[in-house]
Protein chains: 2
Amino acid sequence: MSQKEITIYDIAEALNLSPATVSRGLKDHPAIRKDTRKRIFDKAKEMGYQQNHFASNLRRSRSNTIGVIVPRLNSYFMASVISGMEKVANAAGYNLIISQSIESKDKEMTNVKTLYNSRVDGLLVSLAYDTETISHFDLFLNKGIPLIFFDRVFEHPQCTSIIIDNYKAAYEVTQHMIQQGCRRIAHITADIKRNVYSERLRGFKHALLDAMLPYDEELVFFSNLSEQAGAEVTQRILALPQLPDGIFCANDTTAVSCIATLKQAGIKIPEQIAVTGFNNDPLSKVIEPNLTTLNYPGQEMGELAAATLIRKLDSKEGGSLNTIVLRHDLIVRESSLRKKV
Amino acid sequence: MSQKEITIYDIAEALNLSPATVSRGLKDHPAIRKDTRKRIFDKAKEMGYQQNHFASNLRRSRSNTIGVIVPRLNSYFMASVISGMEKVANAAGYNLIISQSIESKDKEMTNVKTLYNSRVDGLLVSLAYDTETISHFDLFLNKGIPLIFFDRVFEHPQCTSIIIDNYKAAYEVTQHMIQQGCRRIAHITADIKRNVYSERLRGFKHALLDAMLPYDEELVFFSNLSEQAGAEVTQRILALPQLPDGIFCANDTTAVSCIATLKQAGIKIPEQIAVTGFNNDPLSKVIEPNLTTLNYPGQEMGELAAATLIRKLDSKEGGSLNTIVLRHDLIVRESSLRKKV
DNA sequence: TTGAAAGCGCTAACAA
DNA sequence: TTGTTAGCGCTTTCAA
């Protein structure tokens, strides 16, 4: 069964070298002769050597592992993000340990501890729904272990944030709706503790004000942006004494369920009410009418987050980066197109 | 900055015990007095002790880490699976290292090696599109490291497989279509190297034959089941001298893009052509007409895979399990409902 | 019920 | 350019 593992001692013995030399040779230490290095590599391959990461990690107090905390794994957006992270991390020789906060601050705190115990070299985090402070990350910050936020971020001098310009994006969405003739727009969003929602709300508000339209707090609805919440809030909107002529949802899931509910109520979209979303989920291209939404690159965000972290880890540079903003674009589809071109 | 880490030596010293006793106390060794154990625990908490997994792993040659290889991360189904795995693994004190084969056998082989080097305690695998043999897993099998397949599995005496009954499921879908009056059904699927597709094809075929309908190989189309492939194959179907009256797609992505293409061509669904999918992706509830599909529980599959592996690891039992079959159910929606009820 | 001691495999400071 | 040596923190055998 389990034959003995080959260690650098075995290679050293076979080659009449010291383990130290073998260790150096294996990792391209500059002070090793080209040919001995080659001999070491060849012999290692021949003997089927596999480096023991635990020993190495123990010795170097480093794990080559990155911890990831996300609210939920099972959305298209998040899956794309993780996919991007995995790609970059894997190529750079890092492993990912992924955990979900299931939108709960408490679980997030537990995850932080677990990852701390796993001695991850750095952390990639998108915050839970109800997280208010980030003091539970002090464990990491105090030790100087890099922490990078993406998407749902928190301003902190020690941390880099990777985001899109949610303010501008929401501004563009709203502006587009106004251009399409909407004058009374509702906004369905989530807790503004999270930057992504507060910024979108701000963009929404300013776009209205800049167009000399009133900003009516009665038309701003807070929910958890689930499919169910979309239906519920839409029912409340339908019960309003005066219907809005546009609904801007802070994600596509909600927008889709909003459209479905409106259609059931016999409302014509976009003629009576225009609807827009956020995320460019695959759903948006399938719902009828196709959903106008805001695209932002999950995969790239993941890649960038991982790459930024790894750069910090490998070279100790990049510490001055505070915020990285990714591009976004408005995707106009039928659900908001009230003016024939 | 980085204050010294607390080790069992520090606890031992503070308590005037030996490190060995502390080590035992910390892990509920039976030969430790209740009260000393309590003292150890209290002191450990007080001093902020965190166990060093590397040292422990090095010593025990065990990692408390599970390797996962999936074709792709960015689908709703796979995200659910991973989510389930993470939940179970996390609760049991295991970490997950996730890697993607991006549907390539070569990348899969690389991933296997990487995970082997990471000394994972076990492996959870869904095979890549073009994997033909599983000899690249011998590294693991020869050492007796457990390997569990899920969804896209491979028969092997040493491995447990976690699947649904794809044959029966596809049979039910096809039977349903026949009951709805379809007499000439096309099937869009993928490479039958993968059990999920070969079994579905088999179920499709037998359902036809059992209903005394002809099985026409010309009506079976192989593709990679992407959105694009769905559109392309549908175009080919539309060019057929005689149109089918039903199309059974082996996943929902393809079914959705198939429906879109048919609608563009002015075909009425389900009246002229009924369409069915597989997976119960969120898309299926949004496309119009809503898609008849086959539901199977990704989250549960993930949970079960992880739980089965962990049971093997923790107690060395469960070795006799060869196949675990999860339930599935047909979800009938408009896209196949040709008979008014 | 506890302790002493060795060693898991690797790295790095220092020496040669 | 290579070797010697110590030690990372933990577990476990053997002894007490």
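So that the names make sense, note that chain A is the first sequence line, chain B the second, and so on, each numbered from 1. The model shown is predicted, which means the values in this text are computed figures rather than measured ones.
Taking atom NZ on A:Lys27 and atom P on C:dC10, their separation rounds to 9 Å, with Å as the unit. Regarding A:Leu26, its CG atom lies at a distance of 13 Å from the P atom of C:dA12, rounded to whole Å. To the nearest angstrom, P of D:dG9 lies 11 Å from CD1 of B:Ile6. Atom CZ of B:Phe54 is separated from atom C1' of C:dG9 by 14 Å (rounded to the nearest Å). In this structure, CG of B:Asn57 is placed 11 Å from C1' of D:dG9, rounded to the nearest angstrom. The CD1-C1' distance, from B:Ile11 to D:dC10, rounds to 12 Å in whole Å. What separates CG of A:Leu15 from P of D:dT2 is a distance of 11 Å, to the nearest Å. In this structure, CD1 of A:Ile8 is placed 14 Å from C1' of D:dT2, rounded to the nearest angstrom.
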Using the 3.5 Å cut-off, write out each protein N or O paired with an N or O of nucleotides 6-8 of chain C and the distance between them.
| residue | atom | partner | partner atom | Å |
| --- | --- | --- | --- | --- |
| C:dG7 | N2 | B:Arg59 | NH1 | 3.0 |

Below 3.5 Å between N/O atoms, which protein atoms pair up with nucleotides 13-16 of chain C? Just atom names and distances, please.
| residue | atom | partner | partner atom | Å |
| --- | --- | --- | --- | --- |
| C:dA13 | N6 | A:Arg24 | NH2 | 2.8 |

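The side chain to side chain contact (heavy atoms under 4.5 Å, CB included) test applied to A:Asp42 returns A:Lys38, not counting sequence neighbours. In terms of the side chain to side chain donor-acceptor pair (under 3.5 Å) criterion, A:Asn64 has no residue partners (sequence neighbours excluded). Listed by chain and residue number, nothing satisfies the side chain to side chain donor-acceptor pair (under 3.5 Å) test with A:Asp138 (two or more places apart in sequence, or in another chain).
Between B:Tyr116 and B:Phe140, the angle of the ring planes goes over 60°, which puts this pair in the perpendicular group of the 30/60° scheme. A perpendicular orientation is assigned to the rings of A:Phe149 and A:Phe137, their planes being inclined by more than 60° (bins at 30° and 60°).
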Mind running side-chain contact (heavy atoms from CB on, under 4.5 Å) on B:Val81 and B:Val70 for me, showing each step along the way?
CA-CA 10 Å; B:Val81 170; B:Val70 297; 5.8 Å; no
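The only member of B:Asn95, B:Asn57, B:Asp121 that meets side-chain hydrogen bond (donor to acceptor under 3.5 Å, both in side chains) when paired with B:Ser63 is B:Asp121.
One side chain, B:Tyr296 or B:Asp151, offers a donor N or O that lies under 3.5 Å from an acceptor on the other.
Residues B:Glu103 and B:Arg194 are not paired through a salt bridge, judged by the lack of any N-O separation under 4.0 Å between the basic side chain and the carboxylate. Contact check on B:Glu108 versus B:Lys105 returns no salt bridge, with no Lys/Arg side-chain nitrogen under 4.0 Å from an Asp/Glu carboxylate oxygen. Remark: B:Asp130 does not engage B:Lys193 in a salt bridge, criterion side-chain N to carboxylate O under 4.0 Å.
With the nearest nucleotide of DNA chain C identified for both B:Pro19 and B:Arg119, B:Pro19 has the one nearer the 5' end.
At a threshold of 4.0 angstrom between heavy atoms, the contacts of B:Ser56 are confined to the sugar-phosphate backbone, with no base atom among them.
Across residues 32-45 of chain A, A:Ile32, A:Arg33, A:Thr36 each have a non-hydrogen atom less than 4.0 Å from an atom of DNA chain D (numbered order).
Phosphate contact (OP1/OP2 of C:dT2, side-chain N/O of B:Ser18, threshold under 4.0 Å): absent.
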